[in-house]
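These numbers come from a predicted model, not from an experiment.
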Amino acid sequence: MMQFNRKFEHAVDGKIVVFDVTYNPTTHYFQVLESGKAEGYLLKFDMQHRQWSTEGEVTPAISADELALLVQQQFGHFV
């Protein structure tokens with residue numbers, strides 16, 4: 001059975017941010033919650049335009065492309 005959740009750390013502007021990421025196999029989106037933030041956001045891949053983006057009220061600590069690379073490394077799957 002595949003695990004759909006990963007938790008990892010990444011240094012952002014000299015401080016460590018913990019990313020708690022859950023993959024939704026139905027939508028193929030990643031729900032992301034960063035340490036210190038009350039709300040999460042979605043990380044999405046647009047197959048038609050081959051582009052990563054984030055969606056939600058929270059501003060991510062890093063760019064969608066940088067986050068996508070980290071998430072893909074954690075899940076061991078690249079698009």
Side-chain angles (χ1 to χ4, degrees):
M1 183 177 136
M2 182 178 171
Q3 289 292 330
F4 295 117
N5 185 265
R6 298 287 189 279
K7 197 177 244 185
F8 57 91
E9 297 178 345
H10 185 67
V12 181
D13 296 328
K15 69 177 182 131
I16 296 295
V17 176
V18 177
F19 293 88
D20 192 343
V21 181
T22 303
Y23 175 68
N24 182 328
T26 305
T27 62
H28 301 291
Y29 299 157
F30 294 91
Q31 176 68 39
V32 182
L33 180 62
E34 296 178 14
S35 57
K37 296 191 177 174
E39 280 186 55
Y41 54 88
L42 292 177
L43 175 65
K44 303 160 83 170
F45 184 68
D46 181 333
M47 292 296 279
Q48 188 175 2
H49 298 102
R50 311 269 324 143
Q51 186 174 350
W52 287 95
S53 65
T54 57
E55 181 181 291
E57 301 292 313
V58 175
T59 303
I62 56 178
S63 72
D65 288 333
E66 188 178 357
L67 179 58
L69 186 60
L70 294 171
V71 167
Q72 291 176 92
Q73 287 172 344
Q74 292 297 316
F75 281 86
H77 183 78
F78 294 85
V79 293

**Prompt:** Going through the distances and angles, do Ile62 and Leu70 end up as a side-chain contact (heavy atoms from CB on, under 4.5 Å)?
**Reply:** CA-CA 10 Å; Ile62 56 178; Leu70 294 171; 3.7 Å; yes

**Message:** Let's go through Lys7 and Val18 carefully: what are the C-alpha distance in whole Å and the side-chain angles of both, what is the deciding distance for side-chain contact (heavy atoms from CB on, under 4.5 Å) to 0.1 Å, and is it a yes or a no?
**Reply:** CA-CA 7 Å; Lys7 197 177 244 185; Val18 177; 3.7 Å; yes

**Message:** Checking His28 against Tyr23 for the side-chain contact (heavy atoms from CB on, under 4.5 Å) test, could you report, in this order, the C-alpha distance in whole Å, the side-chain angles of both residues, the deciding distance, and whether it holds?
**Reply:** CA-CA 7 Å; His28 301 291; Tyr23 175 68; 2.5 Å; yes

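Clustering of Ile, Leu, Val, Met, Phe, Trp and Tyr by side-chain heavy atoms under 4.5 Å joins Tyr29 with Leu42.
Between Phe75 and Val21 the shortest side-chain heavy-atom distance falls below 4.5 Å.
Taking each heavy atom of Ala64 and Thr54 in turn, the nearest pair found is CB-CG2, 4.0 Å. Closest heavy-atom contact between Leu33 and Gly40: CD1-N, 3.8 Å. Considering all non-hydrogen atoms of both residues, Asn24 and Thr26 come closest at OD1-N, 2.8 Å.
In this view, Asp20 and Asn5 satisfy the side chain to side chain donor-acceptor pair (under 3.5 Å) rule, not counting sequence neighbours. Residues that satisfy the ring pair (Phe, Tyr, Trp, His ring centres under 6.0 Å) test with Phe19, not counting sequence neighbours, are Phe8.
Sorted by first then second residue, the side-chain hydrogen bond (donor to acceptor under 3.5 Å, both in side chains) pairs that include residues 38-51, not counting sequence neighbours, are Glu34-Tyr41, Lys44-Glu55, Asp46-His49. The side-chain hydrogen bond (donor to acceptor under 3.5 Å, both in side chains) contacts involving residues 59-74 comprise His10-Glu66, where partners must be two or more places apart or lie in separate chains.
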